[in-house]
Amino acid sequence: MRFTSCNLTTFSRPLCLFWLAVLAIAGLPLAAQTPAAGWKEVQIPATGSYFQRYVPRTLDPTRPAPVVVFLHGAGGRPELYRNFVLNAAENAACVVVLPKSSSNLGWGIGNDATTVQESLRLVREEISVDPRRVAIAGHSAGGAYAYLLAYGEASHYSAVFSMSAPSYPVSAVADPAYKAPIRMYYGTEDPNYGSAYGALKGQWDRLGVRWEEDIRSGFGHNTWPTATMTDGFRFLVSQSYPEAGTGPGPACVAGPTRLCLQDGRFQVEVAWRDFQGGQGVGSVVPVSAAPGVSGDSGLFWFFDAANWEMLVKVIDGCALNNRFWVFAAATTNVQYTLEVTDTATGQTVRYENPLGRSSPATTDTQAFASCP
């Protein structure tokens, strides 16, 4: 049972308060309400620090929110990054948390790990958070601390985004259930591009961590194109931590709204929302109706079984770059969320198209580092 609020068209105010009290006494959960869009500064009593929290206008209040923790650079503070992350948060429809480090020298000093943990705990007290989509990112020293936190302990972060980060050794991924993928940004004029970028790529390859890059010519350590932050945040919210109990397990079970590819290893589902506020899930086009499809591809329809909306392919690219690839093409401008899950590992990648945009093609050749 989940009681969210009192409906005064159904209950009187005293009766509402009575039932809220009953639920609280009984120990039943009261759902977190989505706060107003915008910035809020929150104090962290446990460490004496604070964080800045942003709720985007684009956040869907009917679903648990994806969260991005963003760590500032050495000598910085959260306020300096607010304008940089704002548009990215709106585009990715995610809550952003900007904690303050205990020292101006960087991260990993004092109670920084507790500050990050407490920031997330306090956010969860006021917002319904999607536990599978809590990602971590940062700039410079914050970017390095982001990957050290993500891989140094079983932190359950779904993905990492580092910007201009120095290189620190990671000997092993502590979480036995999941290796969070990482996206790295460097400007070619950044000293860390020459000293850290190559070492980190080699490190992630050795550890079996899926990585992707955004290298921009002419940019330095503290500069980047607007698209870099937006693309980085979209990458973060597209990844999901495996659900409890997943991992090596049964193959995909095909159904009217579930497509199974690559001999049942990959599960594909899509949800949509139209301009009138209608919403639903994509229906799989039967193979008999689409004889041209193969075991690595399939089709969905949204509104009419005779009007096919989306083609999805999962391609075995293991021989070329040790990855399974995801390609998709949709002839629509409605909002949709495409989810592809590797049932052998529990990893999910997510692709989203906002309402009103003609859907671009998806050609993700880095999707799953789970060969063979």
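Below, all heavy atoms of this structure are taken into account, side chains as well, without hydrogens, waters or symmetry copies.
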Enter the distance from [X]:[atom1] to [Y]:[atom2] here, rounded to the nearest 0.5 Å.
X: T332; Y: R357; atom1: OG1; atom2: CZ; answer: 11.5 Å
X: R323; Y: F368; atom1: CZ; atom2: CZ; answer: 12.0 Å
X: H72; Y: R77; atom1: NE2; atom2: CZ; answer: 10.0 Å
X: C94; Y: D130; atom1: SG; atom2: CG; answer: 11.5 Å
X: Q347; Y: D342; atom1: CD; atom2: CG; answer: 7.0 Å
X: M310; Y: W301; atom1: CE; atom2: CH2; answer: 14.5 Å

Can you tell me if [X] has over 12 outside heavy atoms packed within less than 6.0 Å of its [atom1]?
X: K313; atom1: NZ; value: no
X: D263; atom1: CG; value: no
X: N83; atom1: CG; value: no

Side-chain heavy-atom pair [X], [Y] within 4.5 angstrom cut-off:
X: L355; Y: R273; result: yes
X: P360; Y: N353; result: yes
X: Y185; Y: R216; result: yes
X: Y351; Y: D364; result: yes
X: N222; Y: H139; result: yes
X: F327; Y: T365; result: yes
X: R53; Y: I127; result: yes
X: T115; Y: K100; result: no

Honestly curious: do [X] and [Y] fall in one hydrophobic cluster under the side-chain, below-4.5 Å linking rule?
X: F302; Y: V268; value: yes
X: V85; Y: Y50; value: no
X: M229; Y: V237; value: no
X: L338; Y: F324; value: yes
X: L236; Y: L86; value: yes

Please check this pair: side chain of [X] against backbone of [Y], looking for a donor-acceptor N/O pair closer than 3.5 Å.
X: R210; Y: Q366; result: yes
X: T257; Y: S283; result: no
X: N192; Y: A196; result: no
X: Y186; Y: E213; result: no
X: T230; Y: A227; result: no

| message | Working note: V314 + D296, criterion side-chain contact (heavy atoms from CB on, under 4.5 Å); need CA distance, chi angles, decisive distance, verdict. | response | CA-CA 5 Å; V314 176; D296 64 4; 5.6 Å; no
List the atom of [X], the atom of [Y], and the distance in Å for their closest heavy-atom pair.
X: G106; Y: A141; answer: CA-CB, 4.5 Å
X: Y151; Y: A180; answer: OH-O, 2.6 Å
X: R82; Y: L98; answer: CG-CD1, 4.1 Å
X: Y54; Y: A89; answer: CD2-CB, 3.9 Å
X: A93; Y: P56; answer: C-CG, 4.1 Å
X: V97; Y: S119; answer: CG1-CB, 3.8 Å

Under 3.5 Å, is there a donor on one side chain and an acceptor on the other for [X] and [Y]?
X: D112; Y: S101; value: no
X: Q239; Y: R183; value: no
X: D214; Y: T228; value: yes

| query | Where does the angle between the aromatic ring planes of Y241 and Y178 fall among parallel (under 30°), tilted (30 to 60°) and perpendicular (over 60°)? | reply |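 Perpendicular, since the angle between the ring planes exceeds 60°.
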| said: Consider ring pair (Phe, Tyr, Trp, His ring centres under 6.0 Å). Of W107, W204, Y157, which one does Y147 pass it with? | reply: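 Checked W107, W204, Y157 against Y147; only one passes ring pair (Phe, Tyr, Trp, His ring centres under 6.0 Å): W204.
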| message | Name the residue from F303, F300, Y336 that meets the ring pair (Phe, Tyr, Trp, His ring centres under 6.0 Å) definition with W272. | response |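 Looking at F303, F300, Y336, the match for W272 under the ring pair (Phe, Tyr, Trp, His ring centres under 6.0 Å) is F303.
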| task | Output all residues satisfying side chain to side chain donor-acceptor pair (under 3.5 Å) with Y193, sequence neighbours left out; order by chain, then residue number. | result |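 Y193 satisfies side chain to side chain donor-acceptor pair (under 3.5 Å) with no other residue.
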| request: For N91 and R234, run side-chain contact (heavy atoms from CB on, under 4.5 Å): C-alpha distance rounded to whole Å, both residues' side-chain angles, the deciding distance at 0.1 Å, then the answer. | output: CA-CA 8 Å; N91 274 278; R234 286 177 176 166; 3.1 Å; yes
| Electrostatic pair R133-E352, nearest N-O below 4.0 angstrom |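 So R133 pairs with E352 through a salt bridge.
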| field | NZ/NE/NH1/NH2 to OD/OE distance under 4.0 Å, R121 and E118 | value | yes
| request: Using the side-chain contact (heavy atoms from CB on, under 4.5 Å) rule, take S297 and L311 through it: C-alpha gap first, then chi angles, then the decisive distance, then the call. | output: CA-CA 7 Å; S297 62; L311 167 69; 4.2 Å; yes
| Between Q335 and Q279, is a side-chain contact (heavy atoms from CB on, under 4.5 Å) present by the stated rule, with each step listed? | CA-CA 9 Å; Q335 177 181 325; Q279 53 189 330; over 6 Å; no
Side chains of residues 158-170: which donor-acceptor pairs under 3.5 Å do they make with residues two or more places apart or in other chains?
residue: S158; atom: OG; partner: V134; partner atom: O; Å: 3.4
residue: S164; atom: OG; partner: H221; partner atom: O; Å: 3.0

Distance-only criterion, 3.5 Å: show the donor-acceptor pairs between side-chain atoms of residues 62-71 and protein atoms not counting sequence neighbours.
residue: T62; atom: OG1; partner: D60; partner atom: OD1; Å: 2.6
residue: T62; atom: OG1; partner: D60; partner atom: OD2; Å: 3.3

